[in-house]
Amino acid sequence: NNSMKPQQIVDLALDYFYGKESDTYGLHGYQHSQDYTKAFELFQEAAKKRKSVAYYYLGEMYRDGKGTERDLEQAKKWFTRAYKSEHMMASSALNTVEHMIGAEKGEPEAMHKLAAEYQYGWGVSDDIEEAIRWYKAAAEKGHSESQSSLGFIYRQGSTVSKDISQAVYWYKLAAAQGNSSALYGLGCIYLKGEGVEKDIDLAEKYLESSGHYNR
């Protein structure tokens, strides 16, 4: 590959990364079958030639354990390089990997942020199951925003099956900590009788406590 220009190395690396079977990238006309190990080697070579796109993909590969052992510190290092080289997707990817590191150390705030990133697809592919896993991990450590987020997800029922008893359970934990979103959510549930006995007095108590409501 020594005779190849840096951009040609990147192009070949992308070819192996996505592979000719990848329908999403069929437009690119990739030639090779997907091979993460080869892609990883080529991105390393391109990184030595200072291609910022290679920094970014090395970050992804270390983060996801593709073509190499999963290593979040290495992922952070490469996303940082990509960010400093002004790669446009590096900023959100770097934030996410920092939250992954914090979440795996058991930090509730990092868990909450990582969950939101999985919920909305910021810096990672959206994955509601991973989002719920991390919201629950933070919620079980008493993180009221995560408890309220779980209440919202189960009440809304757009990404998971609607489950009002789960919604009320998590909302009540957050409401006990004075979380205004959870108080408001509970108020609406009791006001409308959503999967619970309608209770106007209780609804008003929750809604007034939330600060989002005036009679």
Side-chain angles (χ1 to χ4, degrees), residues 1 6-139 146 149 153 159-160:
N1 292 332
Q7 187 55 48
Q8 290 175 310
I9 298 171
V10 167
D11 291 342
L12 186 58
L14 289 167
D15 196 319
Y16 281 116
F17 185 86
Y18 290 110
K20 63 184 177 188
E21 305 83 358
S22 164
D23 48 356
T24 324
Y25 294 91
L27 307 169
H28 291 81
Y30 290 136
Q31 306 295 312
H32 297 88
S33 289
Q34 190 177 61
D35 185 332
Y36 287 133
T37 307
K38 281 190 177 162
F40 183 73
E41 286 167 7
L42 287 160
F43 281 130
Q44 282 185 309
E45 203 174 315
K48 286 177 192 157
K49 297 181 188 296
R50 307 212 169 144
K51 296 296 285 182
S52 66
V53 65
Y55 303 159
Y56 176 80
Y57 276 96
L58 286 170
E60 271 204 4
M61 297 186 89
Y62 276 116
R63 182 193 67 201
D64 301 337
K66 286 178 174 172
T68 185
E69 288 288 306
R70 184 170 184 268
D71 185 332
L72 293 179
E73 292 294 345
Q74 280 291 327
K76 181 180 170 181
K77 181 184 95 173
W78 286 107
F79 282 140
T80 302
R81 283 193 189 175
Y83 175 68
K84 286 178 179 169
S85 305
E86 300 184 353
H87 187 282
M88 63 188 221
M89 286 158 67
S91 174
S92 55
L94 179 57
N95 280 337
T96 302
V97 95
E98 284 176 340
H99 299 148
M100 285 179 174
I101 290 167
E104 291 188 4
K105 287 177 182 165
E107 296 163 15
E109 186 62 25
M111 291 173 174
H112 175 74
K113 286 177 175 167
L114 181 58
E117 284 154 352
Y118 277 118
Q119 184 178 0
Y120 298 110
W122 299 328
V124 280
S125 299
D126 58 297
D127 183 336
I128 194 64
E129 285 173 12
E130 274 296 283
I132 287 171
R133 186 167 83 85
W134 286 111
Y135 279 136
K136 282 185 175 170
S146 286
S149 295
I153 287 169
T159 47
V160 294

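Checked against side-chain hydrogen bond (donor to acceptor under 3.5 Å, both in side chains), K113 has no partners two or more places apart in sequence or in another chain.
Between F40 and Y62, the two ring planes are perpendicular [angle over 60°; tilted spans 30° to 60°]. Using cut-offs of 30° and 60° on the angle between ring planes, the pair Y57 and F43 is parallel.
Aromatic pair Y16/Y36: ring centres not closer than 6.0 Å.
Residues A54 and A46 share a closest heavy-atom pair of CB-CB, 3.7 Å. Here the closest heavy-atom approach between residue R63 and residue V97 is recorded as CG-CG2, 4.1 Å. Pairing each heavy atom of W78 with each of G59, the nearest pair is CB-N, 3.6 Å. Closest heavy-atom contact between Q44 and L58: CG-CD2, 3.8 Å. Among all heavy-atom pairs drawn from M111 and G106, the shortest one is CE-CA, 3.5 Å. Contact detail for S52 and S85: the closest heavy-atom pair is CB-CB, 3.4 Å.
For the side-chain hydrogen bond (donor to acceptor under 3.5 Å, both in side chains) condition, the pairs that include at least one residue of residues 97-109, sequence neighbours left out, are R70-E104, H99-E117, E109-H143.
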If you look only at distance, which donor and acceptor atoms sit under 3.5 Å apart when one is on a side chain in residues 119-127 and the other is two or more places apart or in another chain?
{"residue": "Q119", "atom": "OE1", "partner": "Y135", "partner atom": "OH", "Å": "2.6"}
{"residue": "D127", "atom": "OD1", "partner": "E129", "partner atom": "N", "Å": "3.2"}
{"residue": "D127", "atom": "OD1", "partner": "E130", "partner atom": "N", "Å": "3.1"}

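Within 6.0 Å of atom NZ in K77, more than 12 heavy atoms from other residues, nucleotides or ligands are found, so the atom counts as buried in its surroundings.
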